[in-house]
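Take a look at the structure set out below.
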Amino acid sequence: MNPRTRRRLRRATAWVAACGVLVLLLANRWVINSTHAYIHSNASLLPENEVALVLGCSPYVAGGGDSAQFHGRIRAAAELYTLGKVKRIILSGANPDSHYNEPKKMREALLERGVPDEAITLDFAGDRTLDSIVRAHTVAGLTRFTIVTQRYHAYRATFLARKLGMQAVAYQAPADDAGAVGFRHPPREVLARTLAVSELLLSWIWPGFSGIPG
């Protein structure tokens, strides 16, 4: 490869990288700016809704200990029910096999916090945030609800819901310890927001499984 070709290749690579960074920045800024007003950390200021949608995550961290994010979401959902901010709770998460079941674990944790079983609905097909949000509307028939998750995740979930025409707000679950992700924006989430924007713009929105929650 001659020197001129190498220079052109370097310039093209730099241009593509710069465009990629710009797309990431613009997509994330759009997601955050358009949803900030709908995310609440004070339960007393949170609008009342019939249903809370709790987004699933693993109850354990990679090392085998308890997940602060999981327990933060459970604590927040139980708080909303106790305060009368919601009357029913949908637990939406992944259930890929008999050894891993996020909704079941969330249900067990909520029951321990005094939420009655009749107030809980399990959605076993919430394999990703998009599926949980779309299914809340197309399967559960909701047009307004309260999303429960950590703030960094609430931006994307609320963005998807409101851009799809749902009147969703979010309640910021605590991370439960100083080392857990709460306000920080993990690199994975930065990329996920960009994907969410592309899915909306290109109309890729559809849940992976359309079965009815139990």
Side-chain angles (χ1 to χ4, degrees), residues 15-40 49 51-58 67 69-70 73 77 89-97 100-103 106 121-173 181-213:
W15 184 85
V16 169
C19 287
V21 171
L22 182 61
V23 168
L24 285 173
L25 291 175
L26 291 176
N28 275 263
R29 186 46 50 193
W30 184 23
V31 170
I32 292 171
N33 285 356
S34 63
T35 57
H36 180 77
Y38 304 109
I39 299 173
H40 299 263
N49 273 323
V51 179
L53 175 66
V54 186
L55 300 178
C57 65
S58 174
S67 167
Q69 292 190 73
F70 174 90
R73 296 178 196 189
I89 300 173
I90 295 178
L91 305 174
S92 182
N95 174 36
D97 55 52
Y100 186 86
N101 191 318
E102 290 176 355
M106 288 193 288
T121 299
L122 305 183
D123 177 12
F124 297 107
D127 294 330
R128 56 182 182 145
T129 302
L130 173 61
D131 286 357
S132 295
I133 295 298
V134 174
R135 284 170 54 78
H137 177 60
T138 61
V139 179
L142 301 179
T143 57
R144 59 184 302 126
F145 50 89
T146 299
I147 298 167
V148 178
T149 187
Q150 274 74 30
R151 175 171 285 270
Y152 79 90
H153 187 204
Y155 289 120
R156 174 163 54 101
T158 308
F159 174 83
L160 286 168
R162 298 195 72 88
K163 293 304 180 184
L164 290 171
M166 292 166 252
Q167 298 301 305
V169 295
Y171 184 52
Q172 175 190 322
V181 176
F183 284 90
R184 294 185 291 115
H185 304 264
R188 178 184 178 279
E189 184 62 24
V190 172
L191 295 173
R193 290 180 193 141
T194 306
L195 177 60
V197 169
S198 70
E199 287 178 319
L200 283 172
L201 295 179
L202 298 175
S203 300
W204 292 346
I205 304 296
W206 196 253
F209 177 74
S210 57
I212 299 173

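Note that these values count all heavy atoms, side chains included, but never hydrogens, waters or copies made by symmetry. Everything numeric here is computed off the predicted structure, so don't read it as measured data.
- The two residues Val190 and Asn28 make their nearest non-hydrogen contact at O-ND2, 3.0 Å.
- For the pair Arg162 (side chain) and Ala168 (backbone), a donor-acceptor distance under 3.5 Å is present.
- Side-chain contact between Cys57 and Leu55 is absent, with no heavy atoms from C-beta onward closer than 4.5 Å.
- Remark: Met166 CE to Leu142 CG distance equals 9.0 Å, nearest 0.5 Å.
- Distance check: Leu26 CG to Leu24 CG gives 9.5 Å after rounding to the nearest 0.5 Å.
- Arg128 CZ to Leu195 CG: the interatomic distance, rounded to the nearest 0.5 Å, is 7.0 Å.
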Practice task
Test salt bridge (charged side-chain N to carboxylate O under 4.0 Å, His left out) on Glu102 and Arg73 and set out the steps.
Solution key: CA-CA 12 Å; Glu102 290 176 355; Arg73 296 178 196 189; over 6 Å; no

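- Nearest heavy atoms, Lys163 versus Ser34: CE-OG, 4.4 Å.
- Residues Ser132 and Leu53 share a closest heavy-atom pair of O-CD2, 3.9 Å.
- Among all heavy-atom pairs drawn from Asp123 and Ser92, the shortest one is OD2-OG, 3.0 Å.
- Classified by interplanar angle (parallel below 30°, tilted 30° to 60°, perpendicular above 60°), the ring pair Trp30/Phe159 is perpendicular.
- Contact between Arg193 and Tyr155 at its shortest, heavy atoms only, is NH2-CD1, 3.9 Å.
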Exercise for the section: Take Ile32 and Arg29 through the side-chain contact (heavy atoms from CB on, under 4.5 Å) test and state the conclusion after the steps. Expected result: CA-CA 5 Å; Ile32 292 171; Arg29 186 46 50 193; 3.9 Å; yes

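- Annotation: the span from Thr143 atom OG1 to Leu164 atom CG amounts to 13.0 Å, rounded to 0.5 Å.
- Under the side-chain hydrogen bond (donor to acceptor under 3.5 Å, both in side chains) rule, Glu189 has a single partner from Gln150, His153, Arg156, which is Arg156.
- Atom-to-atom distance recorded for Leu122:CG and Leu91:CG is 5.5 Å, nearest 0.5 angstrom.
- Judged by distance alone, with hydrogens and angles left aside, the side-chain atoms of Asn49 form no donor-acceptor pair with the main-chain N or O of Val51 at under 3.5 Å.
- Between Ala161 and Ile147 the shortest heavy-atom distance is CB-CD1, 4.4 Å.
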Handout entry: Verdict with supporting geometry, His137 and Phe145, side-chain contact (heavy atoms from CB on, under 4.5 Å)
Key = CA-CA 10 Å; His137 177 60; Phe145 50 89; 5.7 Å; no

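- To the nearest 0.5 Å, atoms CZ (Phe124) and CZ (Arg135) are separated by 10.5 Å.
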